[in-house]
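Below is one structure, written out as structure tokens, with a few remarks after it.
As the structure lists them, so they are numbered: ligands from 1, and atoms in each ligand from 1. Nothing here was measured: the structure is a model prediction, and the numbers come from that model.
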Amino acid sequence: MKEDFFSYQAQTTPHPLAMEVSHARGSYIYDSSGKAHLDFVAGVSASILGHCHPKIIAAVEKQLNSYMHVMVYGEYIQQAAVSYTKLLASLLPPPLETTYLVNSGTEAIEGALKLARRVTGRSQILAAKSAYHGNTMGSLSLMDFEERKAPFRPLLPDIGFITFNNKEDLNKITKKTAAVILETIQGGAGFVVPKDNYLKDVRARCTAMGALLILDEIQPGFGRTGKLFAFEHFNVVPDILVMGKGMAAGLPTGAFTASHKMMATLGENPMLGHITTFGGNPVIAAAALATLKEITAGSLMSQTTEKEALFRSLLTHPLIKEIRGKGLMLTLIMESSEIANDLVLSCAQNGLILFWLLFEKRAVRITPPLTISEEEIKEGCTVILKALNSLQQ
Ligand SMILES: Cc1ncc(COP(=O)(O)O)c(C=O)c1O
């Protein structure tokens with residue numbers, strides 16, 4: 001299987017982890033030798049309810065037995081998608097009321113960019129340095145690392161960059177700006193939380209200039225930081241909210257939400273302003289609906305604060321310089337990228353899954369399923385501390 005993986009399946013790096021997966025349940029992934037791996041990564045923040053959550057399986061099975069794909073997005077009335085978008089609207093502040101369902105995070109970003117240009121009639125988009133919004137051409141244009149963009153140029157024109165948490169840079173938002181796009185909490189940059197009233201100031205400047213504020217909650221969304229969406233911590237409401245990853249608890253999806261009036265512009269002048277075959281797919285929408293109900297019905301969201309505190313209290317070690325992030329979106333900042341790398345690899349050998357961040361190489365990702373138990377947190381932290389002790393020697 002390993003040889004075939006390298007021969008026939010396109011690779012993203014020369015050195016993937018290449019664990020051969022047998023099955024996964026709850027907070028554990030089992031490899032083909034039967035070994036259990038405690039999952040502190042959750043498929044990079046996507047398997048938000050753990051693996052194979054029974055309510056998600058039941059919702060998917062029920063939908064599979066009625067119908068799968070029947071029509072392209074937007075033509076037919078399909079109960080799961082309608083119920084999902086209605087429930088989401090009831091949980092969001094105005095004017096976030098109408099949701100466009102797509103297939104992935106990056107497609108949702110593309111839709112949000114198109115919507116911002118369509119609504120404002122302007123072209124300039126400002127993104128934050130060290131941001132990650134996805135890998136299709138538009139999303140890639142929002143990345144400020146030239147070495148990653150150069151081979152794929154030309155990309156989108158009229159993209160500018162501001163420094164996250166730098167209030168002086170807000171002067172770059174002008175009447176030419178269609179939108180400012182930010183991750184509410186920066187992911188790949190090292191789980192950077194907005195300081196003081198930064199997001200409120202961004203919001204105010206956007207409003208003053210007639211620019212739209214797009215918040216990318218693809219990673220922090222769906223309860224990961226203790227609120228349904230992380231912007232709720234910071235007293236701001238974006239014009240366009242983008243989501244994905246945990247939205248359907250491990251099935252591929254994405255969405256963007258805005259006011260009904262704004263969203264209507266994608267359906268006229270020209271019609272079909274954004275179209276997709278599989279967006280809003282009923283099976284995935286059923287999973288998304290069950291996920292949203294599960295996250296909001298019980299105490300999973302409030303538990304993330306207690307679980308964060310447990311992680312922070314257990315993970316004290318001289319090699320850990322800082323723990324950044326919020327809720328169950330945490331990262332250990334190590335002294336060097338070498339230590340971070342050794343920690344991930346050593347834990348992998350000892351049955352604990354950790355992962356790297358895209359741009360901050362001293363960081364080690366801890367984004368477990370929200371359903372992780374206290375015992376599992378303790379078990380994983382013991383593995384981390386043991387690994388750090390041996391790295392220290
Ligand atoms: C903040 C953020 N935006 C966008 C994306 C892209 O999402 P996808 O990989 O589903 O296209 C990601 C994925 O890691 C992300 O973390």
What is the nearest protein non-hydrogen atom to [atom], stated with its residue, atom name and distance?
{"atom": "atom 6 (C) of ligand 1", "answer": "G134 CA, 3.6 Å"}
{"atom": "atom 16 (O) of ligand 1", "answer": "K245 CE, 3.4 Å"}
{"atom": "atom 3 (N) of ligand 1", "answer": "D216 OD2, 2.7 Å"}

So that I know where these two stand, are H274 and Y100 an aromatic pair - ring centroids less than 6.0 Å apart?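 Yes, the ring of H274 comes within the 6.0 Å limit of the ring of Y100, centre to centre.
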
Is the gap between the ring centers of F359 and F145 under 6.0 Å?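 So the answer is yes for these two rings.
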
Please tell me if atom 14 (O) of ligand 1 is touched by the protein, where touching means a protein heavy-atom distance below 4.0 Å. yes

Please state which part of [X] comes within less than 4.0 Å of ligand 1, counting heavy atoms only: side chain, backbone, both or neither.
{"X": "H133", "result": "backbone"}
{"X": "T106", "result": "both"}
{"X": "E107", "result": "neither"}

Near G105, which atoms of ligand 1 are under 4.0 Å from a heavy atom of that residue?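 Those qualifying, in numeric order: 7 (O), 8 (P), 10 (O), 11 (O).
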
Is there a donor-acceptor contact under 3.5 Å from the side chain of N103 to the main chain of T253?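 No; zero donor-acceptor contacts below 3.5 Å.
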
Once you measure the plane-to-plane angle for H23 and Y30, does it fall in the parallel (<30°), tilted (30-60°) or perpendicular (>60°) bin?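 Parallel: the ring planes of H23 and Y30 meet at under 30°.
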
Should the heavy atoms of other residues, nucleotides or ligands under 6.0 Å from NZ of K176 be counted, would the total exceed 12?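 No.
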
Please evaluate residues T99 and T85 with respect to the criterion side chain to side chain donor-acceptor pair (under 3.5 Å), reporting the C-alpha separation (whole Å), side-chain torsions for both, the decisive distance (0.1 Å), and the verdict. CA-CA 6 Å; T99 296; T85 51; over 6 Å; no

